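A quick write-up on the structure given underneath.
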Amino acid sequence: MTLSPLTQRRIANFKANRRGWWSLWIFLVLFIVTGMAEFIANDKPILVNYDGGYYMPIFKAYPETTFGGFFETEADYRDPVVKELIEEKGWLVFPPIPYSYDTIKYDLPTPAPSAPTAENWLGTDDKGRDVTARLIYGFRISILFALILTFISSVIGIAAGAVQGYFGGKVDLIFQRVIEVWHGLPLLYILIIMASVIQPGFWNLLIIMLLFSWMSLVGVVRAEFLRARNFDYVRSARALGVSDWVIMVRHVLPNAMVASITFMPFILSAAIGTLTSLDFLGFGLPPGSPSLGELLAQGKNNINAPWLGLTAFFTLAVMLSLLTFIGEAVRDAFDPRKLVVASDMAGEHAVELEMDNKPPTEEGEE
């Protein structure tokens with residue numbers, strides 16, 4: 001598939017920002033690795049060979065009787081007796097970290113929280129759970145939560161801003177007053193009240209935060225539609241009898257998406273920060289869930305275990321820095337004032353030039 005010159009220029013602009021380009025790859029590697037958390041940190045083996053049959057406990061629960069035991073309950077693969085039963089007629093392969101986020105280690109050399117060792121790379125928390133495993137699962141939950149929240153809130157915010165900016169008049173006036181009132185509601189107090197009424201969970205928390213986060217892009221999209229609705233090509237489309245919704249989606253929205261896409265990495269960072277703050281205060285995910293905010297709270301409560309707070313701090317610092325650098329590269333990619341001259345698109349050194357003249361509009365570029 002052949003890319004348009006405008007798309008090629010944007011890709012070249014993105015690659016020219018080396019910090020953002022490498023941040024994107026580092027973030028993708030971390031996201032893919034943590035996405036396979038069950039294969040990296042788990043108290044269940046990845047694969048079991050017993051009596052000629054193959055089993056994958058990470059996908060299906062098997063009773064102990066399957067491996068010659070006596071109990072009908074799920075097998076505890078960390079139990080030496082179960083291991084011995086399996087190894088008599090086969091073998092089992094554990095992940096590199098033989099602990100899940102909720103696995104409690106009872107045979108610690110020192111009282112919990114224990115310091116990092118060769119077996120527990122980042123130590124254990126105050127309940128004897130492996131910090132590395134909780135960090136991997138917590139990273140995944142934070143990213144997935146932020147991605148879902150950013151996507152849904154962006155769709156709602158772009159739609160609301162488009163309606164406001166395109167139709168203007170009373171529609172814009174009423175929407176603005178509603179947004180001003182809604183934006184003034186205290187999010188933290190509402191979350192505290194809701195947490196006392198309903199059991200906090202991933203989707204409950206997502207819906208509550210979505211009620212307030214959708215306003216992030218309304219102002220940007222509204223301004224773009226207010227600016228573009230009186231352009232000549234929009235007036236021509238109206239004169240030809242094209243419906244308002246077709247004009248909004250096909251002709252005006254592409255221009256507004258440039259600013260929206262530029263802001264999305266920063267909205268993603270804000271969503272991660274908000275979730276971490278709520279978990280730190282105890283109003284986020286349910287107790288026991290792997291959470292960076294909960295790890296920060298443990299670091300605050302256990303000053304004698306600095307590895308807890310430092311692990312959470314550096315993880316958040318790296319995560320948010322990567323997203324910020326990616327956002328800067330996206331901003332450069334969609335900036336019409338930047339022109340990149342490169343011999344090819346394969347990643348050779350590019351020269352970034354500033355155009356002195358006024359940039360053409362998106363429609364003119366395309």
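In this chain, residues are counted from 1 in sequence order. Any value given below was found using the heavy atoms of this structure, including those in side chains, with hydrogens, waters and symmetry copies removed. Just so it is clear, the structure is predicted and the values come from calculations on it, not from any experiment.
Looking at Ser289, its side chain does come within 3.5 Å of a backbone N or O of Pro286 through a donor-acceptor pair. In this structure, the side chain of Ser114 does not engage the main chain of Thr110 through any donor-acceptor pair within 3.5 Å. No side-chain donor-acceptor contact under 3.5 Å links Ser100 to the backbone of Thr103. Judged purely by atom type and a 3.5 angstrom limit, Asn302 has no side-chain atom pairing as donor or acceptor with the backbone of Ala305. A distance-only check finds no donor-acceptor pair linking the side chain of Asn120 to the backbone of Pro116 [under 3.5 Å].
In terms of heavy atoms, Gly20 sits closest to Phe14 at O-CZ, 4.2 Å. Nearest heavy-atom pair, Tyr166 versus Asp244, reported as atom, atom and distance to 0.1 Å: OH-OD1, 3.0 Å. The heavy-atom pair separating Arg78 from Ile104 by the smallest distance is NH1-O, 4.2 Å.
Put simply, CE on Met264 and CE on Met257 are 4.5 Å apart, with the number rounded to the nearest 0.5 Å.
Qualifying ring-ring contact (aromatic ring centres under 6.0 Å, His included) partners for Tyr99, counting only residues two or more places apart in sequence or in other chains: none.
Ring geometry for Phe27 versus Phe139: interplanar angle of 30 to 60°, hence tilted.
For Gln176, the CD atom sits in a packed shell: over 12 heavy atoms of surrounding residues, nucleotides or ligands are nearer than 6.0 Å. Taking a 6.0 Å sphere around CH2 of Trp25, one finds it holds 12 or fewer heavy atoms contributed by other residues, nucleotides or ligands.
Taking the side chain as every heavy atom from C-beta outward, Leu47 and Tyr55 never approach each other to under 4.5 Å.
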